[in-house]
Amino acid sequence: MSAILEVSELRLSIPARGGPACPVDGVSFSLSPGECVGLVGESGSGKSLTSQTLIGLTREIPGVRIEGSVRWQPEGQQPRELLKMSERELTGVRGGEIGMVFQDPLSCLNPLFRVDYQIGEVLARHCGLKGKAAFERTVELLASVGVPQPEQRARQYPHQLSGGLRQRVILAMTLAGEPRMLIADEPTTALDVTVQAQILRELGKLRRERGLAILFITHDLGVVAQVCDRVMVMYAGRIVEQAPVKQFFDNPRHPYSRGLLESLPTLSGGGARLTSIPGSPPQPGSFPAGCRFCPRCSLAIEPCQAEYPPAFGDERHSASCWLLRESEVGSRTDGGS
Ligand SMILES: Nc1ncnc2c1ncn2[C@@H]1O[C@H](COP(=O)(O)OP(=O)(O)OP(=O)(O)O)[C@@H](O)[C@H]1O
Ligand code: SF4
Ligand SMILES: [Mg+2]
């Protein structure tokens with residue numbers, strides 16, 4: 001199936017004290033209709049800035065420079081370059097074609113208007129629904145994302161709802177526009193597991209029924225295993241590994257990915273100590289030369305400090321680590337390890 005979104009060499013450069021910092025530094029990936037791709041990595045790795053840059057939300061940063069390409073091609077339409085769109089064109093794409101649930105949901109609701117009014121605005125703009133039909137659809141949407149007593153909640157103001165409920169209202173509002181793609185930045189982190197499961201089920205249904213493509217940003221590898229088809233691991237502004245979910249969990253190739261997986265608690269672990277990756281990720285503007293994971297990597301070899309590794313592997317499963325180049329793999333195999 002042809003990609004609905006094709007991102008090539010996306011780079012975001014922001015002026016900083018010691019010269020420009022690149023919190024997103026050459027990111028490439030694609031997304032097909034109906035596919036859910038997880039974007040994971042430690043705090044500060046550039047996940048949110050990557051997703052925001054795709055839809056023009058980082059254009060306002062003073063002195064920013066954005067390079068690369070973000071090709072958007074919903075089925076039956078000509079491809080369009082999102083990075084070259086005017087703000088007006090992009091506003092049409094956001095909400096209508098691409099929905100986004102932010103990490104900070106409170107900033108998305110207007111405290112002055114009731115929930116039904118705010119969702120109703122989206123329904124009127126994108127689906128032509130008004131009056132009773134819009135209210136009924138609002139109630140349906142709220143119920144689908146696990147809002148109890150949806151009729152009553154629809155008539156309330158944001159301050160009358162808990163944080164978890166507001167997060168669900170935002171998701172309902174985003175889905176109201178019937179987007180082709182959803183960017184979900186930590187959408188379920190603040191929710192309890194039952195509601196989280198309900199939302200993940202609802203998103204699964206939209207993928208199957210409407211071909212909704214999802215870029216799912218999360219810290220939770222358990223959720224990735226549950227809902228994603230593929231996973232991309234981000235470290236210091238770059239994607240260091242991408243793979244189908246099963247391959248990733250069975251055979252992670254990048255030492256950083258292995259570290260992330262080893263930090264996961266297991267049900268059978270019997271209280272075993274979690275291994276966490278020593279040290280902390282570098283800040284944009286002071287990324288080390290060579291492999292950016294090198295200062296924390298116990299497996300580093302000769303070229304690691306000097307040269308950034310290219311992606312080794314194939315289109316489905318690739319990782320940027322010098323240990324994966326043919327001569328290394330060969331020598332380790334020859335050595336009988
Ligand atoms: N507007 C901005 N201007 C300059 N630097 C920024 C800006 N927003 C974020 N950063 C920096 O860019 C880096 C990446 O930030 P980003 O928010 O994308 O991380 P993240 O991977 O989403 O982290 P988290 O998991 O904590 O949400 C961080 O070091 C952050 O401090
Ligand atoms: S390239 Fe070298 S330093 Fe980087 S992850 Fe691989 S082994 Fe470690
Ligand atoms: Mg973030």
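Atom set for the values below is all heavy atoms of this structure, side chains included, hydrogens, waters and symmetry mates excluded. Numbering of ligands and ligand atoms starts at 1, following listing order.
- Checked by distance only, ligand 1 and G46 come closer than 3.5 Å through their nitrogen or oxygen atoms.
- Residue contacts with ligand 1 for M234 are absent, since no atom lies close enough (heavy atoms, distance under 4.0 Å).
- Counting all heavy atoms, side chain and backbone alike, C36 lies closest to F216 at SG-CB, 4.0 Å.
- Residue-to-ligand polar distances keep P23 apart from ligand 1: every N/O pair is separated by 3.5 Å or more.
- Considering backbone and side-chain atoms alike, S43 places an N or O below 3.5 Å from some N or O of ligand 1.
- Contact annotation for L49 and ligand 1: heavy atoms of both the backbone and the side chain come within less than 4.0 Å of the ligand.
- Within a radius of less than 2.8 Å around atom 2 (Fe) of ligand 2, the protein N, O or S atoms are C304 SG.
- Contact annotation for A16 and ligand 1: no heavy atom of the residue comes within less than 4.0 Å of the ligand.
- A search for salt bridge (charged side-chain N to carboxylate O under 4.0 Å, His left out) contacts involving K84 returns nothing, not counting sequence neighbours.
- Remark: the E241 side chain and the S257 side chain contain an N/O donor-acceptor pair separated by less than 3.5 Å.
- The side chain to side chain contact (heavy atoms under 4.5 Å, CB included) check on P20 picks up S13, with sequence neighbours excluded.
- Contact analysis leaves G41 out of contact with ligand 1, as no non-hydrogen atom separation drops below 4.0 angstrom.
- Near S45, meaning under 4.0 Å from any of its heavy atoms, are these atoms of ligand 1: 19 (O), 21 (O).
- Expressed to the nearest 0.5 Å, how far NZ of K246 lies from CG of N251 amounts to 10.5 Å.
- Look at S48 and the Mg ion (ligand 3): an N/O/S atom of the residue is under 2.8 Å from the metal.
- Ligand 1 has H219 within reach: a non-hydrogen atom of the residue lies less than 4.0 Å from it.
- A salt bridge links K132 with E136: the closest approach of a Lys/Arg side-chain nitrogen to an acidic carboxylate oxygen falls below 4.0 angstrom.
- Between F248 and L221, the shortest heavy-atom distance links the atoms CE2-CD2, 4.3 Å.
- In this structure, R230 fails the cation-pi test against F29, since its NZ or CZ atom is not both closer than 6.0 Å to the six-membered ring centre and inside 45 degrees of the ring normal.
- Checked against ring pair (Phe, Tyr, Trp, His ring centres under 6.0 Å), Y256 has the following partners two or more places apart in sequence or in another chain: Y235, F293.
- A donor-acceptor contact closer than 3.5 angstrom links the side chains of Q156 and R153.
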